[in-house]
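Worksheet for the structure shown next.
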Amino acid sequence: GQQVQQSPASLVLQEGENAELQCNFSSTATRLQWFYQHPGGRLVSLFYNPSGTKHTGRLTSTTVTNERRSSLHISSSQTTDSGTYFCAIDRASSSFSKLVFGQGTSLSVVP
Amino acid sequence: EAAVTQSPRSKVAVTGGKVTLSCHQTNNHDYMYWYRQDTGHGLRLIHYSYVADSTEKGDIPDGYKASRPSQENFSLILELASLSQTAVYFCASSDGLGSSAETLYFGSGTRLTVL
């Protein structure tokens, strides 16, 4: 089946440092997404990024589909960035989503 | 802001008992999903639905049933709860209308503990 591998599993940053989270997947499936899970549990979508580079605020996602990898760059980290980051690929060929999630990267940003 | 509401927020159930988790969305989305998250892991798809009165099996449907009585409501039913079903359950919705709308909107989750 589809596999999604994330690295590192966990990361501790000093506030202000940058982070690079990696996601490797086993197929050339498109519709890759990045999600953020708050420490309290709520999940929010960060990027829908099947290919190329997208930016929002201090976050940048770059997906290279033919190399089966995506990265999430966090610049100038803040304590509020703490939480778990998931990438997921979508196996569905139609309009609904059948996501396969990686195991996540747990990020802790300390003052 | 799209809204997906789950109830209850947490529940303790006994082994062999029946559990119903409820999800309500006000997004007018056609697609709804139930995911399960185990501690330290990502989410896994249990059931999903793209229209009322119809549900589809996801990757781990065994031991779960789903019900979509209306566009807004999607329930997950554990007829005979087991210890292995202790997890956090997330409901989500999407409209699936195109790449810009691939975003899933998640509820806050239901923490289920089976004793």
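Reminder, nothing fancy here: chain letters follow the sequence lines and each chain counts from 1. Just so you know, these numbers use all the heavy atoms, side chains as well, and skip hydrogens, waters and symmetry mates.
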| query | When clusters are formed by joining ILVMFWY residues with side-chain heavy atoms under 4.5 Å apart, either directly or through shared neighbours, do B:Ile46 and B:Val4 land in the same one? | reply | no
| request: Please round to the nearest 0.5 Å and tell me the distance separating atom OH of B:Tyr35 and atom CG of A:Leu99. | output: 4.0 Å
| Do B:Leu45 and A:Val100 have side chains that get closer than 4.5 Å, going by heavy atoms? | no
| task | Verify the cluster assignment for A:Tyr85 and A:Ile89: are they in a single hydrophobic cluster under the rule of side-chain heavy atoms below 4.5 Å apart? | result | yes
| query | Would B:Leu78 and B:Val88 show up in the same hydrophobic cluster when neighbours are defined by side-chain heavy atoms closer than 4.5 Å? | reply | no
| remark: Scanning both residues in full, the closest heavy-atom pair of B:Leu43 with A:Phe101 reads O-CD1, 3.4 Å
| Is there a chain of hydrophobic side chains (I, L, V, M, F, W, Y, each step under 4.5 Å between heavy atoms) that links A:Leu32 to A:Val4? | yes
N/O donor-acceptor pairs under 3.5 Å from side chains in residues 8-17 of chain A, not counting sequence neighbours:
residue	atom	partner	partner atom	Å
A:Glu17	OE1	A:Gln14	N	2.8

| field | A:Phe86 and B:Gln37: CA distance, side-chain angles, deciding distance, side chain to side chain contact (heavy atoms under 4.5 Å, CB included) verdict | value | CA-CA 12 Å; A:Phe86 292 99; B:Gln37 184 178 30; 3.4 Å; yes
| Contact origin within A:Phe47 toward chain B - heavy atom pairs under 4.5 Å | neither
| request: Report whether A:Leu72 and A:Val44 are members of the same hydrophobic cluster (ILVMFWY, side-chain heavy atoms less than 4.5 Å apart, transitive linking). | output: yes
| Neighbours of chain B found in residues 74-83 of chain A - heavy atoms under 4.5 Å | none
| For the side chain of A:Arg42 and the backbone of B:Phe106, is there at least one donor-acceptor N/O pair under 3.5 Å apart? | yes
| Which atoms of A:Gln37 approach chain B - backbone, side chain, both or neither, heavy atom under 4.5 Å | side chain
